[in-house]
Participant: 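Below is a structure I'd like to ask you about.
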Amino acid sequence: MRIEQLLNVPAAFLYRQIIDAELFEIHAHTGRQLTAAQLEGFTYQKQLDDATRAQVTITKNVLDRSYHYQTVTAYNRYEVKYDMLPVETDKSKIVYEERIIARAWYQRLLDFFSDTLLGGLRRHNFKKMFLQIEKSY
């Protein structure tokens, strides 16, 4: 899934909103207080539900521009990218990309149907989230 959206906020503000949420999550799962500059390469364990644990690794972090991470579970690997591109002083373009790599054929089939049936709703919710960030500026 790929979403591109123009927002009337600086790229640095958008980056900060996304990173603050990640720093909060890292603190909740590990008890560690990190700064944005310490994120790249950081790995931690996360409990998704009662039966599912995941390993999250921040694969790229460029201050005020990009934040990429990978989440690995027993069934899937999720690769997520947020890239914030400045267009003007108070305008930026966010590019959100998500890729799911299933480990087994039945999981690939399940993911395909899930994305087909719920993909439009997920895209709508992400765009709505980005607009809420814009309104908070």
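Nothing here was measured: the structure is a model prediction, and the numbers come from that model.
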Participant: How many angstroms lie between CD in Q17 and CD1 in I133, if you round to the nearest 0.5 Å?
Facilitator: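 Taking CD in Q17 and CD1 in I133, the distance rounds to 6.0 Å.
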Participant: Between the side chains of T52 and D49, does any donor sit under 3.5 Å from an acceptor?
Facilitator: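 Note: T52 and D49 side chains meet the donor-acceptor criterion.
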Participant: About how many Å separate CG of N76 and CD1 of I101, when rounded to the nearest 0.5 Å?
Facilitator: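 With rounding to 0.5 Å, CD1 (I101) is 8.5 Å from CG (N76).
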Participant: Pairing donors with acceptors under 3.5 angstrom, does anything connect the side chains of D83 and H68?
Facilitator: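 The answer is yes; a qualifying pair exists.
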Participant: According to a hydrophobic-cluster definition based on side-chain heavy atoms being under 4.5 Å apart (Ile, Leu, Val, Met, Phe, Trp, Tyr only), do V62 and F13 belong together?
Facilitator: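 Shared cluster, no.
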Participant: Does the side chain of Q5 reach to within under 4.5 Å of the side chain of F126, using non-hydrogen atoms?
Facilitator: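 Not in contact.
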Participant: Looking only at the aromatic ring of each residue, does the gap between the centers of Y67 and Y15 stay below 6.0 angstrom?
Facilitator: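 Y15 vs Y67: aromatic centres not under 6.0 Å.
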Participant: Can you tell me how far the CD1 atom of I18 sits from the OH atom of Y69, to the nearest 0.5 Å?
Facilitator: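 Rounded to the nearest 0.5 Å, the CD1-OH separation comes to 9.5 Å.
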Participant: Kindly say whether Y75 contributes a backbone atom to a donor-acceptor pair with the side chain of T73 at under 3.5 angstrom?
Facilitator: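 Between the backbone of Y75 and the side chain of T73 there is a qualifying donor-acceptor contact (under 3.5 Å).
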Participant: Treat each ILVMFWY residue as a node, draw an edge where side-chain heavy atoms are under 4.5 Å apart, and state whether I58 and V80 are in one component.
Facilitator: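 Both belong to a single hydrophobic cluster.
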Participant: Report the C-alpha distance between D90 and Y137 in whole Å, list the side-chain angles of each, state the deciding distance to 0.1 Å, and finish with yes or no for side chain to side chain contact (heavy atoms under 4.5 Å, CB included).
Facilitator: CA-CA 10 Å; D90 284 338; Y137 178 63; 3.5 Å; yes
Participant: Are the side chains of Q70 and R77 in contact, using a 4.5 Å heavy-atom criterion?
Facilitator: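 Yes, their side chains come closer than 4.5 Å.
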Participant: Tell me, do I26 and L39 make a side-chain contact under 4.5 Å, heavy atoms counted?
Facilitator: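 With C-beta onward as the side chain, the pair touches.
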Participant: Below 4.0 angstrom, N of the basic side chain to O of the carboxylate: do E4 and R2 qualify?
Facilitator: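 Yes, E4 and R2 are salt-bridged.
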Participant: What's the spacing between K91 NZ and E134 CD if we round to 0.5 Å?
Facilitator: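 Reported to 0.5 Å precision, the distance equals 9.0 Å.
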Participant: Take M84 and R65 through the side chain to side chain contact (heavy atoms under 4.5 Å, CB included) test and state the conclusion after the steps.
Facilitator: CA-CA 5 Å; M84 287 67 65; R65 293 292 179 264; 5.7 Å; no
Participant: Walk me through whether L23 and L34 qualify under side chain to side chain contact (heavy atoms under 4.5 Å, CB included).
Facilitator: CA-CA 7 Å; L23 291 172; L34 298 179; 4.0 Å; yes
Participant: Applying salt bridge (charged side-chain N to carboxylate O under 4.0 Å, His left out), which residue pairs with at least one partner in residues 19-37 are found, sequence neighbours left out?
Facilitator: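 As it turns out, the salt bridge (charged side-chain N to carboxylate O under 4.0 Å, His left out) pairs with a partner in residues 19-37, which skip direct neighbours, are R16-D20, E25-K46.
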Participant: Tell me the closest heavy-atom pair linking Q33 and Q38, and the distance in Å.
Facilitator: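 Smallest interatomic distance, heavy atoms only, reads O-OE1, 4.2 Å.
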Participant: Linking I/L/V/M/F/W/Y whenever their side-chain heavy atoms sit closer than 4.5 Å, directly or via other members, would V87 and I94 fall into one cluster?
Facilitator: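 No, because V87 and I94 fall into different hydrophobic clusters, even though each may have its own neighbours under 4.5 Å.
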Participant: Of the non-hydrogen atoms in H29 and Q45, which two are nearest, and what is the gap between them?
Facilitator: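 The answer is CB-O, 3.8 Å.
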Participant: Check N61 against A36 and note the closest heavy-atom contact, atom names and distance.
Facilitator: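 For N61 and A36, the tightest heavy-atom pair comes out as ND2-O, 2.6 Å.
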Participant: Going from NZ on K127 to CD1 on I3, what distance comes out if it is rounded to the nearest 0.5 angstrom?
Facilitator: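 So the gap between those two atoms works out to 6.5 Å.
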Participant: Please report the closest heavy-atom contact between T89 and P10, naming both atoms and the distance.
Facilitator: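 In this case the closest contact between T89 and P10 is O-CB, 3.7 Å.
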Participant: So how far is it from S92 OG to N8 CG, rounded to the nearest 0.5 Å?
Facilitator: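 Going from OG on S92 over to CG on N8, the span is 8.5 Å.
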Participant: Side chain to side chain contact (heavy atoms under 4.5 Å, CB included) for V56 and T43? Distances and angles first, verdict last.
Facilitator: CA-CA 5 Å; V56 180; T43 298; over 6 Å; no
Participant: Any carboxylate oxygen within less than 4.0 angstrom of a Lys/Arg side-chain nitrogen, looking at R99 and E97?
Facilitator: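 The answer is no: the pair does not qualify as a salt bridge.
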Participant: Membership question, hydrophobic clusters at under 4.5 Å side-chain separation (ILVMFWY): are L14 and V95 in the same one?
Facilitator: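 Looking at the clustering, L14 is in a separate group from V95.
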Participant: Please check if L85 and I19 belong to a single hydrophobic cluster, counting links between Ile, Leu, Val, Met, Phe, Trp and Tyr side chain heavy atoms closer than 4.5 Å.
Facilitator: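 Each belongs to a different hydrophobic cluster.
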